[in-house]
Every structure is written in C-alpha cells, then in structure tokens.
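All values below come from the heavy atoms of this structure, side chains included, with hydrogens, waters and symmetry mates left out. A quick note: this is a predicted structure, and the numbers were derived from the prediction, not measured. Convention: sequence-line order gives letters A, B, ...; per-chain numbering from 1.
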Protein chains: 2
Amino acid sequence: MSETERWQAAEQLALALAEGGLQRMPARALAVFLFTGDETVTMGEIADRLGVSAGSVSGAVKALLSVGLIERLPAPGSRREHYRLRDDAWSTLFSAQNTVVGVMLKAADTGIAATASGDPAHERLTRMRDFYRFLLGELPGLLRRWEEQHPPR
Amino acid sequence: MSETERWQAAEQLALALAEGGLQRMPARALAVFLFTGDETVTMGEIADRLGVSAGSVSGAVKALLSVGLIERLPAPGSRREHYRLRDDAWSTLFSAQNTVVGVMLKAADTGIAATASGDPAHERLTRMRDFYRFLLGELPGLLRRWEEQHPPR
DNA sequence: CTAAGCCTTCAGAAATTTCTGAAATTTCGC
DNA sequence: GCGAAATTTCAGAAATTTCTGAAGGCTTAG
C-alpha cells in the first residue's frame, strides 16, 4: 500500500467523478480532499499534489464550495485558508446531479402545452412527464432513508 | 400552439438532455423523436428538421440506439430505415446515468484497500462506499415500482 | 503602517470535443 | 444483377471547454 498506489487510486476516482458530471479540475481536487491523510487541506497543498496552477485550484475550490461538497474552516490563526470534505458530500452530489430531473419535468410540461391531445407527441411527452414526476416524488424519501441509516457523526 | 412553439419547446428539451449528460447532437435528435407528430422518423427527416449533416445524424442515431433509447423498426417496405422512441426510454436513460454509481463504488473500494485504517482518508472512503452501496441497493426497487405503476402499453 | 504571502481574476493559449463534407459502402427496388 | 438512394465513415475544420500565467487585491504578522 504505497503512496504511489494511493494517489493512483485518487486519480482513478477523479476520472469517475468527471464521468458523473463534475468538471475535470474540481473532480481532481475533490479526489485530493478524499485521499489526503490530513484532516484539512489548503489550496497550496492541492496545487502541489496535482501539479497545477494556483488559479486552477482557486476555480476548482470555488466550484466545490458552491455545490456544497467542501467547507471552509474557521481559520485557526493561519494565513492560509483550510478546507475539508463535508460529511454530507455524497448525498449533496447525488442531489445536484438530480437537479436535471426538475428541468426535464418542466420541459415536458412545456411540450405538452404545445401539442394537441391525439398528437403522438402529446402521448410521448405525457409518459415522459409521468416518469420524472414519479422520480421527483421518490428521491426525497430515498435520501431520508440514507440519513436515517447513517446519521452524520 | 404553433409549429414554431412546438420546435422551440423541442430545442429547449434538447438543452435539458444535454445538461443531463447526453451529447449535443444525440440530445437534439432525441428531442425530434419526442416532438414529431409522426409515429416513426427517418434519418433524413431528422437532418431536415435540425438542419445538420447526414453524418451528424448517423452518429447521433447510432448513439441513441446503443443506449437503448430508440429502436429500428422492421422496414415497412420503404428504402429508408424508420426509428422511434422506445417505451422504456426514460427508465433506460435514468439507469444509464446511474452507471456511474457502480464506478464510484469500485473506486471507493480501491481507495479503501490503498489506505490503512486509522488514516482519515480510510474513514472518508468508507463513508463514501456506504453511500454508493446504499444507492445501488435502492435503485432497482425504484425502477420496479415505476414499472408496476406504469406498465408498457 | 508596512511588507510578505495568499488568493482571485481574466485574457489568451492549449487541448479537447463536436460537426461537417465528401468519398466509400451498403441496401433495396426494379 | 444494376443503379439509385440512403447510410456510414473519417479526416480535417470549427467551436467549445479548460488551463495557465501574470497582475492586482486582500489579509495578517510584525
């Protein structure tokens, strides 16, 4: 279990995160937050680890903050800002990815309004709407069950 | 409810689909499959509707076929191939988007194997694995409930 | 108050993705 | 079989996304 192996696994995870919709640099940064042996991380450490510019890290951290995957810690008297992965990061990420569900539902409604009943398109769009309506109804319960089974520490 | 409105709604939906991970051209093509007033569509009709090259349509249709969102119909004596949206397109699309869940789970396991217990990273990765394990367990039941409520015609 | 270090911003470079156009291939009616 | 029409393929063009590097602003220690 070498350090090399550890960071290979980290980069591999970054690729999976990128598949899942995150942009490349935020994904790689998130992997650092996961795999670091420290409790918190600074921007400088991320830049060193990934071998990328400070500007890239700034943008990536900003993106991760905005979706609630990481949090800035009350500064412990240091000049550098410290960040860490949030406990609820995974359910947050899952929810963010399902924001699309709401958009799809709305798009379906618009389409239904723009077609006459009897038009094949009207039926297709109705079926689509029903599916996303169903999903939107199920997802909150899903996340609630998760939190019940695994309460934050 | 003009034709213009209808196809504006279609392009709007294509954007939502692109947000959801589909590539631009397959997304636009899928919107045509949804919004067309006919039961089936040919590649030529898609190309005309979208004003794009036959090559682009060929690639897009191939992509939609490979993920199971549309199907080729037994040729009704025409020279052109006819395609249509599949009944189970939406649950298929949802499943495809959740393929990532399995990849994430595997990545987490790799990371756990590459870190020692006691290492903060080990704990984070374990929590991550638990979440995706939970999701992977819940998704099949979710789709089963959908199919029970809305059996294919 | 000053200086040093950290972070942000943004214009431009680089890399990647996406689309087209035309040639090659396949298919189907005749 | 033959020929016309449709489809596939793929190299290169175009567009988009992503990263860097440097300048400027902000914060904190002294």
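A straight line from NZ of A/Lys62 to P of D/dT18 spans 16 Å, rounded to a whole angstrom. The nearest whole Å value for the distance from the CZ atom in A/Arg80 to the C1' atom in C/dT8 is 16 Å. When rounded to the nearest whole Å, the span between CG of A/Asp48 and P of C/dC7 equals 11 Å. Computed from coordinates, the A/His82 NE2 to D/dT28 C1' distance equals 14 Å when rounded to whole Å. Spacing between atom CD of A/Glu81 and atom P of D/dC26 amounts to 15 Å, rounded to whole angstrom units. Rounded to a whole Å, the CG atom of A/Leu65 is 12 Å from the P atom of C/dC7. Counting to the nearest Å, the P atom of D/dC26 and the CE atom of A/Met43 are 16 Å from each other. Distance, B/Leu64 CG to D/dT8 C1': 16 Å, rounded to whole Å.
The shortest distance between the side-chain N/O atoms of B/Ser56 and the OP1/OP2 oxygens of C/dC19 is not below 4.0 Å. For the pair B/Gln23 and C/dT18, the criterion of a side-chain N or O lying under 4.0 Å from OP1 or OP2 is met. A sub-4.0 Å separation between OP1 or OP2 of C/dT18 and a side-chain N or O of B/Arg24 is absent.
Residues A/Arg127 and A/Glu123 are not paired through a salt bridge, judged by the lack of any N-O separation under 4.0 Å between the basic side chain and the carboxylate. Salt-bridge check for A/Arg6 with A/Glu3: passed, with a basic side-chain N closer than 4.0 Å to an acidic carboxylate O.
Between B/Ala108 and A/Leu13, the closest heavy-atom pair is N-CD1, 4.2 Å.
Under the side-chain contact (heavy atoms from CB on, under 4.5 Å) criterion, A/Ala63 pairs with A/Pro26, sequence neighbours left out.
When heavy atoms are screened at a 4.0 angstrom cut-off, B/Val52 is found touching the sugar-phosphate backbone but no base atom.
Nearest to the side chain of A/Met25, among D/dT8, D/dT20, C/dT20, sits D/dT20.
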